[in-house]
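Below: one structure, written as structure tokens.
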Protein chains: 2
Amino acid sequence: MRIATWNVNSVRSRLEHLQRWLTDQTLDIVCLQETKVVDEQFPLEPLQALGYHCAIAGQKSYNGVAILSRQPLADVQIGFGAVLGAEAVGDLDEQKRVISGRSGDLRIINLYVPNGSELGSEKYDYKLRWLTCLQQYLTVLGDRESQIHICGDFNIALEDRDIYDPAGKETHIMSSPTEREALRQSVLSLGFVDAFRLFEAGADQFSWWDYRTGAFRRNRGWRIDHHYLSESAKARAIACHIDREPRTWEKPSDHTPVVLELADE
Amino acid sequence: MRIATWNVNSVRSRLEHLQRWLTDQTLDIVCLQETKVVDEQFPLEPLQALGYHCAIAGQKSYNGVAILSRQPLADVQIGFGAVLGAEAVGDLDEQKRVISGRSGDLRIINLYVPNGSELGSEKYDYKLRWLTCLQQYLTVLGDRESQIHICGDFNIALEDRDIYDPAGKETHIMSSPTEREALRQSVLSLGFVDAFRLFEAGADQFSWWDYRTGAFRRNRGWRIDHHYLSESAKARAIACHIDREPRTWEKPSDHTPVVLELADE
DNA sequence: GGGGGGTGGG
DNA sequence: CCCACCCCCC
């Protein structure tokens with residue numbers, strides 16, 4: 001099966017790209033971030049017409065996540081609170097950044113990690129608190145289920161080879177040692193592995209390029225969109241690649257899709 | 001020579017349409033309204049690249065007029081004040097709605113008449129005052145020059161055959177008897193003739209269709225974009241037609257161009 | 001630079 | 001519906 005993650009930067013303004021890409025490709029599951037639309041206005045019909053079921057968790061203007069799937073997902077859960085309880089989660093579910101569902105024996109978790117704005121800012125603090133909560137969330141789910149796949153826009157580049165020009169980026173949002181450590185702690189320490197790095201060792205492989213200053217043309221990008229696999233899911237991994245093409249289209253998202261292939265069971 | 005009038009509803013968002021239309025057509029002079037851009041940001045280069053000189057009178061956000069011409073225009077004048085004096089004009093030159101220039105012996109006057117919003121409103125009063133001033137302006141110019149061509153968006157349909165469904169539109173902005181009379185008084189009473197009606201007698205010939213409620217598809221339009229000719233210029237008139245095609249393009253202006261053909265002298 | 005939102009204008 | 005503007009966010 002093929003699973004994609006794509007931060008579409010508004011599912012409504014990217015609907016034609018999404019339709020085109022889903023028609024060109026053969027995807028089983030597509031995890032979207034930054035849908036930026038309330039559920040009532042999510043473009044269900046055109047995506048159903050392409051053969052997808054939609055599990056959606058949207059909000060107005062910002063954030064919003066969705067999972068498209070050829071087969072309906074079981075046990076769809078929205079937010080950390082669905083697993084940890086609303087009290088434990090506090091303000092971290094106010095923004096729609098977490099949606100999860102099960103496809104056969106595989107638990108799919110789709111995340112849109114907060115950007116964090118600037119080191120030391122209030123938003124940065126929110127990002128770190130959010131990642132701490134993510135660890136609890138994954139710990140609980142990991143105790144319950146064996147095959148787990150996590151993907152999304154992590155807004156963190158794990159290593160220097162994941163950034164176009166890493167020198168001096170220790171104080172940059174998305175590449176600070178503190179953020180990297182928080183992501184390792186929240187995800188990698190639980191045994192999940194970065195699926196892309198099972199197959200690709202090189203640098204200059206990016207999934208996001210700023211709209212400004214011709215970053216895509218100059219390939220000044222970041223690999224911040226990831227797939228993670230639990231030990232048992234990792235055994236099924238066949239390939240993981242970045243599809244740069246949608247980023248070349250007219251009025252693209254600033255992110256491009258990352259596709260993971262898993263062996264059928 | 002061929003002269004067009006086109007309310008482009010923002011010259012920047014309509015630049016591709018304008019380039020396409022100017023490439024398809026052979027125009028000598030193109031009068032634009034609602035350019036909605038300050039002079040410093042007017043897209044001079046792409047229009048010069050198509051072989052046009054530009055006389056521009058813009059403002060931020062609203063209004064704005066321009067004349068594109070294959071040959072540079074002589075004696076370009078902006079506003080009523082250039083002819084009547086600033087004192088006589090008061091607040092009527094604050095909005096950029098008037099630009100004029102001479103091409104050979106022909107005086108070209110490009111106008112964007114105020115819309116007027118609603119009958120009885122402050123904007124309506126401004127429209128009527130503006131039209132009174134227009135009469136003075138044209139009277140002075142008519143005393144000075146013989147061959148005069150006036151065009152633009154008049155925001156008034158002169159006759160019932162110029163509206164898609166005239167019944168009950170006496171209290172509608174753009175078709176009230178008061179506005180029609182004001183336009184007759186300001187322009188027609190000075191001897192200028194509606195060039196389109198020299199050639200076309202029929203109804204259902206429109207130059208503007210509201211963006212809302214599928215007005216274009218249903219041809220619920222208005223003929224509010226006009227060419228007027230002085231007696232001596234009228235002698236040169238060969239044809240006048242509405243080019244509906246640009247209104248069929250993607251993201252069109254709500255107006256479509258009206259083209260006048262004059263015999264070369 | 002390109003999404004979202006809102007308001008004001010037509 | 002589709003401009004413009006402003007502000008917020010990435």
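Each chain gets a letter, A, B and so on, in the order the sequences are listed, and its residues count up from 1.
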Self-check item: 5'-most by nearest nucleotide on DNA chain C - A/Gln41 or A/Thr213
Solution: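 Nearest nucleotide further toward 5': that of A/Thr213.
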Out of [options], which has the shortest distance to the side chain of [X]?
| X | options | answer |
| --- | --- | --- |
| B/Ser117 | C/dG1, C/dG10, C/dG4 | C/dG10 |
| B/Lys123 | C/dG5, C/dG3, C/dG9 | C/dG9 |
| B/Ser10 | D/dA4, C/dG10, C/dG4 | D/dA4 |
| B/Arg212 | D/dC1, C/dG4, D/dC10 | D/dC1 |
| A/Tyr211 | C/dG2, C/dG5, D/dC8 | C/dG2 |

Quiz item: Hey, which of these two, B/Asn9 or B/Lys60, hits DNA chain D nearer its 5' end, going by closest nucleotide?
Solution: B/Asn9
Whole angstroms only, please: what is the [atom1]-[atom2] distance between [X] and [N]?
| X | N | atom1 | atom2 | answer |
| --- | --- | --- | --- | --- |
| B/Phe154 | C/dG10 | CZ | C1' | 18 Å |
| A/Trp208 | C/dG2 | CH2 | P | 14 Å |
| B/Asp254 | D/dC3 | CG | P | 9 Å |
| B/His172 | C/dG10 | NE2 | P | 14 Å |
| A/Asn115 | C/dG4 | CG | P | 18 Å |
| B/Asn7 | D/dA4 | CG | P | 13 Å |
| A/Glu250 | C/dG3 | CD | C1' | 16 Å |
| A/Glu34 | C/dG1 | CD | P | 19 Å |

With no hydrogens and no angle check, do the side chains of [X] and [Y] hold a donor and an acceptor under 3.5 Å apart?
| X | Y | value |
| --- | --- | --- |
| B/Glu34 | B/Tyr112 | yes |
| A/Lys36 | A/Asn9 | yes |
| B/Trp21 | B/Asp243 | yes |

Self-check item: Ion pair check, B/Asp162 and B/Lys169, cut-off under 4.0 Å
Solution: no
Self-check item: B/Asp194/B/Arg223 salt bridge by N-O under 4.0 Å criterion
Solution: yes
Quiz item: Is any side-chain N or O of A/Ser13 closer than 4.0 Å to OP1 or OP2 of C/dG2?
Solution: no
Quiz item: Under 4.0 Å between a side-chain N or O of B/Arg12 and OP1 or OP2 of D/dC5?
Solution: yes
